[in-house]
Amino acid sequence: MNSSMVIGQYVPGKSIVHELDPRTKISIIFFFVIIVFFANSFMSYLLLTLFAVGSVFITRIPLSFIVKGLKPVWFIIIFTFFLHVFMTKEGNILFTIFSYPIYSGALIQGISISLRFFLLILVTSMLTLTTTPISITDAIESLLDPLKKLRFPVHELALMMSISLRFIPTLMQETEKISKAQASRGVDFRSGPIKERMKAIVPLLVPLFVSAFKRAEELAMAMEARGYQGGEGRTKLRELVLTKKDYYVIAFFILVITGVFLTRQ
Amino acid sequence: MEENFLSFEDVSFQYQEDQPWILNKLNISIHPNEWVAIIGHNGSGKSTIAKLMNGLLFPQEGTISVADMTLDEQTIWEIRKRVGMVFQNPDNQFVGTTVIDDVAFGLENHGVPRPEMVKRIEASLRTVGMNGYENHEPHRLSGGQKQRVAIASVLAVAPDLVILDEATAMLDPKGRREIMETVRHLRNERDVSIVTITHDLNEVTYADRVIVMNDGEVWYEGTPRDVFSKQKELQEIGLGTPLVTQLAHELGALGLDFSKEPMNHNELVDELWKYHSMT
Amino acid sequence: MEISFDDVKYIYQPNSPFEHRAIDNLSFTIPSGSFVAVIGHTGSGKSTMIQHLNGLLIPTHGEVRVGDFSLKADRKKTNLKALREQVGVVFQYPEHQLFEETIQKDIAFGPSNFGVSEEEIQRRIHSSLQAVGLSSDMLERSPFDLSGGQMRRVAIAGVLAMEPNVLVLDEPTAGLDPKGQREIMDMFHDLHEDKGLTTVLVTHSMEDALAYADYCIVMDHGEMYMQGKPLEVFRQKEALNAVGLEVPEIIELLAKLEAELDISIPYEKQSLQELATLINSKLKGGAST
């Protein structure tokens, strides 16, 4: 059981962000992502940053946890910053590093691009940190509902997502079991030349596929036995209800958007 | 003569045309509120019977009727509501991401309104003793607990018949005990027929009636007591008998005459007590 | 090969919120050539314990010795591959590890990983197939076309083909029907005798522990709870019940006869016929016997 790999990294909690309807969260994030690209003044950036960092504080998720989660992207953010600083040639020359001139415009450009990037990642990771994968699935199904009229298989897509989520831990356990069985038969997954290690994957992958197919077959039979015949005429246990909280948060977000547009240059 | 809830009339089945018949002109019936155990060695056709009972397979010949309906493409969904099934592998029948989602799955399929759904989920989780586990994910449950959730999922749809198709085969002894207790509790609590397909002889002793399958045919049918009295014949078709009946037979060979075939430890002690008090 | 555990501890994911101590204070010695049953309910640490036997896990603390091999936390130089050639492990549902196109190739997989010569592999394929009771004309067939019971036998043959000195069996009969279970267990017992193996059997079946083992290790909460000869261990009914374990049914039944009918028959692996004779004479003869 490799529980160190938490899928979607959901952190349980009782904050207002946790309790919002997942559709509210997804919609806000969707519009936030667009709005970030409209920001171009100090004030508009400040507003968005306050909004993003503020909501992180409201979740009460330990900062260290979030910083850790952002680890893989810090490099990209910093790289983007330096790329812009050295490549852009706008505004006045502020100073020179190793006889390389740094322009004021470049600095502004570098900061704003990497800030945008940072905000995007922070806000989207807020979704997975405060929402269970299954709620996200429900929300996607509900938001895509209009597409059903166009015969887009919304229900099937959502079911596929939730079944995948359900089986990820099972398949991870299975992978561990099979790799131990094959290691006991002398396979070395850890050392040796790359070519040998690639070959070592086969005795792991084949049994995994065989078992996944068997599981799928049995699962399909169990679903059929329990009366599953597609999305038609189904009711749902999980209900998504917009509460007052959602409306307040949406109203507040509209204010932020308005603020961003007013403070643009 | 009791009416039948479910009956097979001259049912024959083969998986493919060029393959041998798995079942051969089979006639069996299940009465309301009856617990029937089906036993037989691997390949005797036991599990095929289960899958025919709720239309997961269709017979080539003969008719199957459930609650006065003949099983066909039209009645199949209604019949699946009446006949619930718990399979062998606890992992491969858990559809939901949490316990409560899994129990809801069948109800959602049958279009049960949400308020009713909530009530039924509560009640069926209580029946199997899994209330309090609503938000647990399957990988945090033991095999026995997963199978109890599977039973609850079936019960929520309020079937008249629950089939346990080797549902205890992959469990440890503790899990097996849990399932058998659940089934006995269920029988006290609700009007429901049970069909258990099993290798576990001690499970068989609790049934009202036992159907012994051999080579696609009913080899013998009777109470567990009747069936286990045929120790020698059972051995010939690759089946054993519980330890108690084996010992009773050895004692019988020494001249001890039992008024009834003992099925468990207490009955054996009671029978022996007669001889003990005589001296 | 002699196996010994000296104050072994194993912790999963140390220094994380998921830290879990699976075994602790575990010390015992299994003499070479013995057949040991490891019992305990699910989660008692049995699986973690046996994974130390071929170095799938290295103790967090303490030392595991298998023959001349030593596994210790601070010394990672042990030649694991050589150890794994000596210790064959049959996992639960071993048929899940089959992957080759033919039965022949799958059985050859283990020995070829250990660099056994082609000629020798051919010999071993035939002898291990024979040991599991399958015929050699199946060799070219795909293992996936077999019945469940046959697949298990092929998988077991794949482990036997490594010709290990120690055989570790993790509930090798799970999911089989009673007849299949008996056949597989009898087969392991014969192998143990014929090849002079050291066999470690993890089982939920007290009946099997009683019938096949010459020594029992009972685990609970990752620690040694009891150890001894099967008859000694199973005499302690209360202690076993206290950790959720049953005693073999025959012992349970004899205990009941003693409690209710005052017939005392110490169980010494008598046949049912012998037991019936004893019960009969005690019942009828009363005090005279």
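Lettering of chains follows the sequences in order, A, B, ..., and the numbering in each one begins at 1. Being a predicted model, the structure only gives us computed values, none of them experimental.
- Within a 6.0 Å sphere centred on CD of C/Q130, other residues, nucleotides and ligands contribute 12 heavy atoms or fewer.
- Taking a 6.0 Å sphere around NE2 of C/H221, one finds it holds 12 or fewer heavy atoms contributed by other residues, nucleotides or ligands.
- Residues of residues 237-253 of chain C lying under 4.5 angstrom from chain B, judged on non-hydrogen atoms, are C/G244, C/E246, C/E249, C/I250, C/E252, C/L253 by number.
- Other residues, nucleotides and ligands contribute more than 12 heavy atoms inside 6.0 Å of the NZ atom of B/K51.
- For the pair C/I279 and B/L256, the minimum side-chain heavy-atom distance is 4.5 Å or more.
- Within 6.0 Å of OH on B/Y220 lie more than 12 heavy atoms contributed by other residues, nucleotides or ligands.
- Here the CG-NE2 distance, from C/D177 to B/H41, works out to 9.0 Å after rounding to the nearest 0.5 Å.
- The CG atom of C/L272 sits 11.5 Å away from atom NE2 of B/H249, with the distance rounded to the nearest 0.5 Å.
- Annotation: C/R21, atom CZ; neighbour count of heavy atoms from other residues, nucleotides and ligands within 6.0 Å does not exceed 12.
- Atom CG of residue B/D172 and atom OG of residue C/S205 lie 12.5 Å apart, to the nearest 0.5 angstrom.
- The neighbour count for C/D262 CG, taken as heavy atoms of other residues, nucleotides or ligands under 6.0 Å away, does not exceed 12.
- Across every non-hydrogen atom of B/Q88 and C/G175, the tightest pair is NE2-O, 4.5 Å.
- In this structure, B/Y133 places its OH atom where only 12 or fewer heavy-atom neighbours from other residues, nucleotides or ligands lie under 6.0 Å away.
- Distance check, rounded to the nearest 0.5 Å: CG of B/L251 to CG of C/N280 gives 6.5 Å.
- For the atom pair C/L283 CG and B/W273 CH2, the distance stands at 10.5 Å (nearest 0.5 Å).
- Highest contact tally toward chain B, considering only C/Q92, C/H41, C/K256, C/E260, is held by C/K256 [criterion: heavy-atom pairs under 4.5 Å].
- Residue contact with chain C, scored on non-hydrogen atoms closer than 4.5 Å, is absent for B/L171.
- At a 4.5 Å heavy-atom cutoff, the contact between B/N266 and chain C is made by backbone and side-chain atoms alike.
- Contacts between residues 230-247 of chain B and chain C, counted as heavy-atom pairs separated by less than 4.5 Å, involve B/G238, B/L243, B/V244, B/Q246, B/L247.
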